[in-house]
There are 2 protein chains.
Amino acid sequence: MNDSDIFRALADPTRRLLMERLTAGERNATELREGLGVSQPAISQHIAVLRGAGLIKEERAGRHVRYRIDPEGLRPLVDWLTGYRAFWPARVEKLKTLLKEMDQ
Amino acid sequence: MNDSDIFRALADPTRRLLMERLTAGERNATELREGLGVSQPAISQHIAVLRGAGLIKEERAGRHVRYRIDPEGLRPLVDWLTGYRAFWPARVEKLKTLLKEMDQ
DNA sequence: GCAACAGATAAGTAAATGCTTATCTGTCAA
DNA sequence: TTGACAGATAAGCATTTACTTATCTGTTGC
């Protein structure tokens with residue numbers, strides 16, 4: 001997937017909120033839309049952008065579609081950040097903690 | 001700084017290229033512009049967007065301005081990614097290597 | 001079988017974006 | 001002192017974006 005697509009997809013607060021909701025587990029479009037105050041077609045359009053950027057995957061079951069985060073989708077973002085490791089804040093506690101979690 | 005501002009700033013390939021050039025060390029606007037095929041005011045506008053997003057810092061000396069990456073500027077991006085650690089690819093070799101480098 | 005449901009697409013609109021040229025501002029070498 | 005330099009801003013334009021309403025498509029519960 002394209003770095004521009006990923007950054008652009010995440011530049012919109014509504015789409016970041018959709019991503020955040022998906023961290024809690026897969027959701028359908030109706031669930032994702034709850035409490036957002038935008039129309040159903042708007043949600044559909046945002047979902048299309050996230051899918052186009054490779055950030056989410058869909059699984060269709062009849063008239064229901066379940067969306068979930070595509071783990072591979074964030075790789076380009078991680079890759080991009082690796083180019084800036086020399087500039088990371090001196091105390092990157094979060095990252096250390098993260099990696100330890102992953103090694104367990 | 002605002003997550004939207006950061007993602008939006010990085011959504012443009014020209015601005016990501018400017019960031020990449022700054023990983024090699026501080027540069028002025030003329031140096032950053034070399035070989036890009038866009039006008040000088042365009043570069044000035046892109047630099048303003050990066051500065052507005054907190055990604056770069058400037059240091060003025062007479063009519064020269066030297067730009068460099070603001071290490072703190074990437075923190076929100078790292079913070080944002082930590083929310084997705086559960087979804088990282090199973091083999092995140094890069095991140096492990098990165099952290100080892102930082103501990104040295 | 002069909003009305004309801006879930007979700008996608010089309011078309012339109014206002015705002016934002018990324019570029020341009022023209023011009024401006026501050027600095028400085030000659 | 002001044003013209004050149006480095007960089008910023010203004011204004012305009014074409015394109016893109018994020019939303020809307022209207023409508024469409026496929027599925028399904030009754």
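Nothing here was measured: the structure is a model prediction, and the numbers come from that model. Letters A, B, ... are given to chains in the order of the sequence lines, protein chains preceding strands, and every chain is numbered from 1.
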Practice prompt. Return yes if some donor-acceptor pair links the side-chain N/O of Arg21(A) with the main-chain N/O of Leu32(A) below 3.5 Å, else return no.
Written response: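 Indeed, once roles are kept as given, a pair shorter than 3.5 Å links the two residues.
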Fill in: Arg33(A) (side chain) donor-acceptor with Val38(A) (main chain) under 3.5 angstrom
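Side chain of Arg33(A) to backbone of Val38(A): a pair is present.
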Fill in: Check against salt bridge (Lys or Arg N to Asp or Glu O under 4.0 Å), Glu58(A) and Arg66(A)
CA-CA 6 Å; Glu58(A) 67 185 27; Arg66(A) 307 201 73 76; over 6 Å; no
Worksheet item: Start at the 5' end of DNA chain D and walk down; is the nucleotide closest to Ala61(A) or to Val49(A) reached first?
Response: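 Its nucleotide being nearer the 5' end, the pick is Val49(A).
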Over how many whole Å does the gap from [X] atom [atom1] to [N] atom [atom2] extend?
X	N	atom1	atom2	result
Arg63(A)	dA6(C)	CZ	C1'	7 Å
Leu36(A)	dT20(D)	CG	C1'	16 Å
Arg60(A)	dT25(D)	CZ	P	15 Å
His64(B)	dG7(D)	NE2	P	7 Å

Discussion item. Looking at every non-hydrogen atom in both residues, tell me the closest pair between Gly73(B) and Ile6(B) and how far apart they are.
Written reply: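 It is O-CD1, 3.6 Å.
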Discussion item. If I compare all heavy atoms of Asp70(A) with all of Gly54(A), which pair ends up nearest, and what's the gap?
Written reply: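 Taking Asp70(A) first and Gly54(A) second, the nearest heavy atoms are CB-O, 3.5 Å.
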Item to complete: Scan residues 7-29 of chain A against DNA chain C and write down, sorted by residue number, each residue with any heavy atom closer than 4.0 Å; if none is found, say none.
Response: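 The answer is Asn28(A), Ala29(A).
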Discussion item. With a cut-off of less than 4.0 Å, is there a side-chain N or O of Tyr67(B) near OP1 or OP2 of dA8(D)?
Written reply: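 Checking dA8(D) against Tyr67(B), a side-chain N or O does come within under 4.0 Å of OP1 or OP2.
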Practice prompt. Establish, with yes or no, whether the OP1 or OP2 oxygen of dT21(D) is under 4.0 angstrom from a side-chain nitrogen or oxygen of Ser39(A).
Written response: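 Looking at the OP1 and OP2 atoms of dT21(D), neither is under 4.0 Å from any side-chain N or O of Ser39(A).
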Item to complete: Classify the ring geometry between Phe7(B) and Trp80(B) as parallel (under 30°), tilted (30 to 60°) or perpendicular (over 60°).
Response: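 If you compare the ring of Phe7(B) with that of Trp80(B), the planes turn out perpendicular.
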By the 4.0 Å heavy-atom rule, please label [X] as base, sugar-phosphate, or nothing.
X	answer
Arg66(B)	nothing
Ser44(B)	base
Arg33(B)	nothing

[options]: which one has an atom nearest the side-chain heavy atoms of [X]?
X	options	result
Gln40(B)	dT20(D), dA6(D), dA8(D)	dA8(D)
Gln45(B)	dT20(C), dG26(C), dC5(C)	dT20(C)
Arg51(B)	dA10(C), dG26(D), dA8(D)	dA8(D)

Worksheet item: Taking a hydrophobic cluster as the set of Ile, Leu, Val, Met, Phe, Trp and Tyr residues connected by side-chain heavy atoms closer than 4.5 Å, whether directly or through intermediates, do Leu55(B) and Val65(B) fall within one such cluster?
Response: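 Hydrophobic grouping puts Leu55(B) with Val65(B).
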